[in-house]
Amino acid sequence: MNQDMMPTGVNLGIDGPSLLADIAETAAFGGTAKGGICRLALGAEDRQVRDWLGTQAAALGGVLTVDSMGNQFIHLPGSDPALPPLVMGSHLDTQPTGGKYDGIYGVLAGLSALRALQRSGYRMRHPVELVNWTNEEGSRFAPAMMSSGVFTGAFTQAQAYGTQDARGTTFGQALEEIGYRGAEPCGQHPVRAYFELHIEQGPILEKEGITIGAVTGVQAMRWFDLRLSGQEAHAGTTPRAMRRDALLAAAHVMIMIDEIAQSYGADTRATVGVIQVQPGSTNVVPGEVQMSLDLRHPDDDVIAAVEERIRTEAARQAEQQGVTLSMKRIWDSPAVHFDPDCVEMVRRAASLTGQSYRDIVSGAGHDAAYMGHICPTAMIFIPCRDGLSHNEAEHAEAGDIVAGANVLLHAIMAADAHFDPA
Ligand SMILES: [Zn+2]
């Protein structure tokens with residue numbers, strides 16, 4: 001590479017062994033026998049890992065702020081105190097049988113990037129920050145991405161505080177109990193741009209042997225509740241022509257949904273995951289069926305078109321079977337398109353650090369999806385073994401872990417040059 005073309009700081013790199021050591025060390029907070037982590041939001045183990053992060057912040061000379069949702073921000077000053085911070089982050093909570101990387105990797109890699117900047121003496125113009133978002137998983141307190149959701153105004157803090165876990169403890173109580181209800185009102189923290197590094201949680205990068213995914217957005221998701229009503233009848237005496245079989249109609253509808261989804265290309269995901277049949281008796285023609293539908297596509301227009309076709313075709317299928325159909329949309333999460341400039345910074349950071357890369361759309365939700373509504377945002381993915389996540393066997397390769405952290409560091413440095421030019 002032509003040295004003259006390199007921006008200042010191009011030789012900066014994160015300390016790979018210490019990042020890997022941090023991942024191993026923090027995995028002990030809630031570590032499971034199968035090598036995973038059970039670290040539910042606002043539990044004792046979550047407090048331990050938060051305390052650990054606070055200790056690291058102090059060692060780094062960073063200023064730690066905790067907001068009223070328990071989000072932790074670690075701040076390193078830039079050379080221009082008037083500029084708002086560039087923020088890296090993810091989450092340290094896990095699913096009950098979670099892995100060592102989902103979320104955790106993004107926080108610890110961000111920490112390694114802060115350390116690299118501090119150690120090198122390379123001074124950014126913008127302050128740079130690391131955030132640990134409270135309760136991304138939504139496993140103990142629903143919904144997922146709760147605190148980035150409050151931060152960006154998707155729902156209120158009062159709603160979040162009132163949410164109860166399975167034992168009736170509210171989020172607000174649990175936050176107080178672990179001592180992480182901070183003074184700064186959630187949402188008032190300035191953010192110039194946001195970058196989140198994460199394992200892919202899918203199989204594409206690994207399958208293609210590519211190290212870095214430049215995430216262009218998060219696909220649109222819609223959930224539906226379908227109800228088919230026919231008539232219960234005797235299985236032995238009712239001729240086929242006189243049946244109004246709700247389950248048979250549901251079977252036709254399911255096949256039709258799959259055919260429609262396939263006709264809209266490989267990016268369309270349609271899943272019927274729950275089906276309930278009434279009365280559920282061997283010798284009774286089923287009268288009622290309730291089924292779920294999870295529909296996803298990167299494009300809002302396409303998902304709308306798929307929904308429309310499914311509605312039309314499902315009604316036709318139901319009518320042919322003499323069954324009535326209702327199809328209710330119960331959740332609508334529009335597609336998120338990350339900031340094109342920030343995505344380009346990720347591609348360039350991958351190129352600069354010698355990593356293979358491709359554009360990719362996230363199939364899962366992330367805190368970055370909410371952040372994308374309020375500031376320029378992008379995400380970076382690295383491969384994970386067999387695309388497996390939300391599983392104790394979740395695994396990422398050391399080389400990819402270090403590579404992704406360096407891409408994060410260089411993306412943040414590019415953002416520093418790009419935003420608020422002097
Ligand atoms: Zn995550």
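When a ligand or atom number is given, it counts from 1 through the structure's own listing order. FYI, the numbering just counts along the sequence from 1.
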J.: Can you run down the salt bridge (charged side-chain N to carboxylate O under 4.0 Å, His left out) pairs that involve residues 346-357, sequence neighbours left out, and say none if there aren't any?
T.: E344-R347, E344-R348, R347-D359

J.: Among D102, N71, T134, N132, which one satisfies side chain to side chain donor-acceptor pair (under 3.5 Å) with H91?
T.: D102

J.: Sorted by chain and residue number, which protein N/O/S atoms are under 2.8 Å from the Zn ion (ligand 1)?
T.: H91 NE2, D102 OD1, H198 NE2

J.: Does any donor atom in the side chain of T170 or Q164 lie under 3.5 Å from an acceptor atom in the other side chain?
T.: no

J.: Quick test of your reading: applying salt bridge (charged side-chain N to carboxylate O under 4.0 Å, His left out), list the pairs with at least one residue in residues 367-381, sequence neighbours left out, ordered by first then second residue.
T.: none

J.: Determine which pairs satisfy salt bridge (charged side-chain N to carboxylate O under 4.0 Å, His left out) with at least one residue from residues 105-119, sequence neighbours left out, and list them in order.
T.: D22-R115

J.: Would R39 and D46 pass as an ion pair if we require N to O under 4.0 Å?
T.: no

